2 protein chains.
Amino acid sequence: MERQTKQRQAILQVIREQGRPLTVDEILNYGRFHVPRLGMTTVYRSVRAMLREGVLLGVQYPGQPTRYEMPAHSDHIHFICNCCGKVHDLPLSQTEISLQLPDGFVAKGQELIVYGFCPECRPGGKAADAGIS
Amino acid sequence: MERQTKQRQAILQVIREQGRPLTVDEILNYGRFHVPRLGMTTVYRSVRAMLREGVLLGVQYPGQPTRYEMPAHSDHIHFICNCCGKVHDLPLSQTEISLQLPDGFVAKGQELIVYGFCPECRPGGKAADAGIS
DNA sequence: ATAGGTGCAAACAGTTTGCATGTAT
DNA sequence: ATACATGCAAACTGTTTGCACCTAT
């Protein structure tokens, strides 16, 4: 992203003001409020450029289109239910991650995805029994 | 997955013997060695059923098709370079994760995805400086 | 025997590309 | 002025669905 255009400003703005991961379609809909003739091609190209610059972060949930968010908003756990496919955002609060990467790798953000069964789908019922199996 | 068919056996077998996440296309190619007329429809449907059962785990890298692996093989870090898009499998060895989920959530597997720049793409060069920024 | 599985082809959805036009620098 | 950005339409790729045939139970 080298030039400053109203399209790119709008894209960043809607992602910033929503404060959650948005799909290209969502960016397009919100963005057209600011730039009526905004095209999806532009969104795809801008988003890709912003990813390269680290301004945005891409998040993918199985079976859903890629969503883009500001890196600062990504400090939570993405819990994906193997059964219903829903994605739950869980607090990272009680979870500790001490990251140690090999030389040469620079971390700009991280995401912990946990797979399993959510309360609704759990075979047992609703009793509490969290933890890695 | 309720019935035992040679297609489904083959699908599980190739994923097990490769020991890494495979795309549907890869499953198809390897699988046709065992079942020549194996169709992609079958692979998609079987894989989805296995996901539901927790037998398989889906892994998604931005811009790439979904890959499927045995849950046991997922204990490593997926490092995705924001610049070149490559996915590096890094050892989980030095990294500590103490997971604590809210009541009712059952973890069957986890995946730590770290975004950043790999040694080739890092702005600086090759000096060592890992760690969350 | 029959419910469930398979595989082809066609439909879909998300994303990328070609190209003429527009615009920030 | 000019190199880069835009947006439409068409092409692509990964995935799903309709339907007739097959097969494990």
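Labels below follow one simple rule: chain letters A, B, ... track the order of the sequence lines, proteins then strands, and each chain is numbered from 1. All values reported here derive from a predicted model rather than from experimental measurement.
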- Item | Nearest non-hydrogen partners of A/Gly31 and A/Ala10, listed with the distance | O-CB, 4.5 Å
- Query: Between D/dT6 atom C1' and A/Gln9 atom CD, what is the distance in whole Å?
  - Reply: 15 Å
- A/Thr23 and A/Arg67: which non-hydrogen atoms are nearest, and at how many Å? CG2-CG, 3.6 Å
- Task: Heavy atoms only: give me the nearest A/Val114-B/Ala107 pair and the separation to one decimal.
- Result: CG1-CB, 3.6 Å
- Establish, with yes or no, whether the OP1 or OP2 oxygen of C/dG7 is under 4.0 angstrom from a side-chain nitrogen or oxygen of B/Thr42. yes
- Axis deviation across the helix from C/dA1-D/dT25 to C/dT25-D/dA1, five-pair ends, to the nearest 10°: 40°
- Query: Are A/Gln7 and D/dT6 close enough that a side-chain N or O sits under 4.0 Å from OP1 or OP2?
  - Reply: yes
- Task: Kindly indicate whether the side chain of B/Met70, heavy atoms from C-beta on, has any atom under 4.5 Å from the side chain of B/Leu57.
- Result: no
- Task: Provide, to the nearest angstrom, the distance between the NZ atom belonging to B/Lys6 and the P atom belonging to D/dA24.
- Result: 6 Å
- Message: Using every non-hydrogen atom in the two residues, find where B/Val24 and B/Tyr68 come nearest and quote the distance to one decimal.
- Response: CG2-CE1, 3.9 Å
- Message: Would the base of D/dA3 count as contacting A/Arg3 through its side chain, where contact means a donor and an acceptor less than 3.5 Å apart?
- Response: yes
- Message: Can you tell me if B/Arg37 touches the phosphate of C/dC8, counting only side-chain N or O atoms and a distance under 4.0 Å to OP1 or OP2?
- Response: yes
- Message: Side chains of B/Val43 and B/Asp25, heavy atoms from C-beta outward: is any pair under 4.5 Å?
- Response: no
- Are B/Met50 and B/Ile11 close enough, and set up right, to give a side-chain contact (heavy atoms from CB on, under 4.5 Å), and what steps lead you there? CA-CA 10 Å; B/Met50 293 172 188; B/Ile11 291 169; 4.2 Å; yes
- Given B/Glu69 and B/Leu22, is the side-chain contact (heavy atoms from CB on, under 4.5 Å) satisfied, shown in steps? CA-CA 7 Å; B/Glu69 65 182 350; B/Leu22 298 182; over 6 Å; no
- Task: Summarise protein proximity over nucleotides 12-17 of chain C in one line of letters, 5' to 3': B for base, S for sugar-phosphate only, - for none, counting protein heavy atoms closer than 4.0 Å.
- Result: --SBBB
- From CZ of B/Arg8 across to P of C/dG5 the rounded distance in Å is 5 Å
- Note on the structure: In short, A/Gly39 meets A/Arg32 closest at the heavy-atom pair CA-NH2, 4.3 Å
- Rounded distance (Å) that lies between atom P of D/dT13 and atom CG of B/Leu28: 16 Å
